[in-house]
Amino acid sequence: DVKVTQSSRYLVKRTGEKVFLECVQDMDHENMFWYRQDPGLGLRLIYFSYDVKMKEKGDIPEGYSVSREKKERFSLILESASTNQTSMYLCASSLTGESADTQYFGPGTRLTVL
Amino acid sequence: AQKVTQAQTEISVVEKEDVTLDCVYETRDTTYYLFWYKQPPSGELVFLIRRNSFDEQNEISGRYSWNFQKSTSSFNFTITASQVVDSAVYFCALSVDYNTNAGKSTFGDGTTLTVKP
């Protein structure tokens with residue numbers, strides 16, 4: 001079974017802090033994704049990566065950056081956290097970039113920015 | 001651009017009732033894939049089903065069934081004899097087949113299903 005893990009289930013940070021959210025998958029998947037989930041807004045794609053060191057902006061990249069130095073690890077970085085970035089963050093991976101591919105999700109990180 | 005609409009924000013039923021979750025999609029592509037995912041209270045989205053645009057056969061898996069109709073651009077999900085464990089947020093998603101897609105999916109806003117004992 002594919003396993004996607006996220007470094008924290010709950011995180012509390014202060015405004016202005018630099019925040020790192022880590023995601024690791026163990027099935028050699030090429031694609032990895034970061035979403036945020038807010039009530040009434042569904043899942044919104046922040047960034048995705050289709051290969052090591054490659055990244056593409058999603059629908060809401062402002063205020064975020066990402067890093068993929070190794071195939072299994074995809075990090076989301078909030079350079080200067082703000083209260084409007086309080087949200088549930090979900091990481092996902094898929095085998096390739098084919099549209100038929102199922103995405104496998106991690107358990108999510110609930111981030112609160114005070 | 002792609003769009004997925006799940007018009008039902010919240011549904012509440014009593015155990016053993018049947019319930020249908022609606023999903024309407026928009027795309028100009030002729031090749032696409034539709035997905036349903038379940039997000040239980042634990043938070044992790046779990047894949048339920050995938051259909052491609054060329055396969056309109058309905059599918060049944062235990063108490064779950066899916067009705068795909070291209071004529072109405074819908075991919076509805078029915079749970080028969082619902083159980084408390086079915087309580088979750090359900091997401092419908094669409095993925096289209098073009099080079100820059102890189103496997104991205106467009107998700108609906110989700111439907112929160114509550115099954116009461």
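Please read these numbers as outputs of a predicted model, since none were measured by experiment.
- Q39(B) places a side-chain heavy atom less than 4.5 Å from the side chain of L90(A).
- Neither the backbone nor the side chain of R110(A) comes within contact range of chain B; no heavy atoms are under 4.5 Å apart.
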(request) Begin with the C-alpha distance, continue with both residues' side-chain angles, and end with the deciding distance and a verdict on side-chain contact (heavy atoms from CB on, under 4.5 Å) for Y37(B) and T102(A). (result) CA-CA 10 Å; Y37(B) 291 87; T102(A) 300; 4.0 Å; yes

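- With values rounded to the nearest 0.5 angstrom, F47(B) atom CZ is found 10.5 Å from D101(A) atom CG.
- Residue V115(B) is grouped with residue L48(B) when hydrophobic side chains (ILVMFWY) are merged at heavy-atom distances under 4.5 angstrom, including chains of intermediate members.
- Note on M88(A) and L21(A): separate hydrophobic clusters, where clusters join Ile, Leu, Val, Met, Phe, Trp and Tyr whose side-chain heavy atoms are under 4.5 Å apart, directly or indirectly.
- Atom NZ of K116(B) has 12 or fewer heavy atoms from other residues, nucleotides or ligands within 6.0 Å.
- Within the 4.5 Å cutoff, the side chain of L45(A) has no heavy atoms near those of the F107(B) side chain.
- Note on Y104(A): it does not cluster hydrophobically with V24(A), by side-chain heavy-atom contacts below 4.5 Å among ILVMFWY residues.
- Of the inter-residue distances, the one linking F48(A) atom CZ with S105(B) atom OG reads 11.0 Å to the nearest 0.5 angstrom.
- There is a path of hydrophobic side-chain contacts, each under 4.5 Å, that joins M32(A) to Y47(A).
- Neither L76(A) nor F105(A) shares a network with the other; the hydrophobic side chains, linked directly or stepwise wherever heavy atoms of I, L, V, M, F, W or Y lie under 4.5 Å apart, form separate groups for each.
- Heavy-atom distances place the backbone of L41(A), and not its side chain, under 4.5 Å from chain B.
- In this structure, Y10(A) places its OH atom where only 12 or fewer heavy-atom neighbours from other residues, nucleotides or ligands lie under 6.0 Å away.
- Inspection of non-hydrogen atoms places no residue of residues 59-69 of chain A under 4.5 Å from chain B.
- Of the inter-residue distances, the one linking E44(B) atom CD with K3(A) atom NZ reads 6.5 Å to the nearest 0.5 angstrom.
- Contact of T9(B) with chain A is not made at all, since no heavy-atom distance falls under 4.5 Å.
- Surrounding CD1 of I60(B) are at most 12 heavy atoms belonging to other residues, nucleotides or ligands under 6.0 Å away.
- Contact of Q6(A) with chain B is not made at all, since no heavy-atom distance falls under 4.5 Å.
- Under the ring-ring contact (aromatic ring centres under 6.0 Å, His included) criterion, Y25(B) pairs with Y32(B), not counting sequence neighbours.
- At a threshold of 4.5 Å between non-hydrogen side-chain atoms, the residues Q37(A) and F91(B) count as touching.
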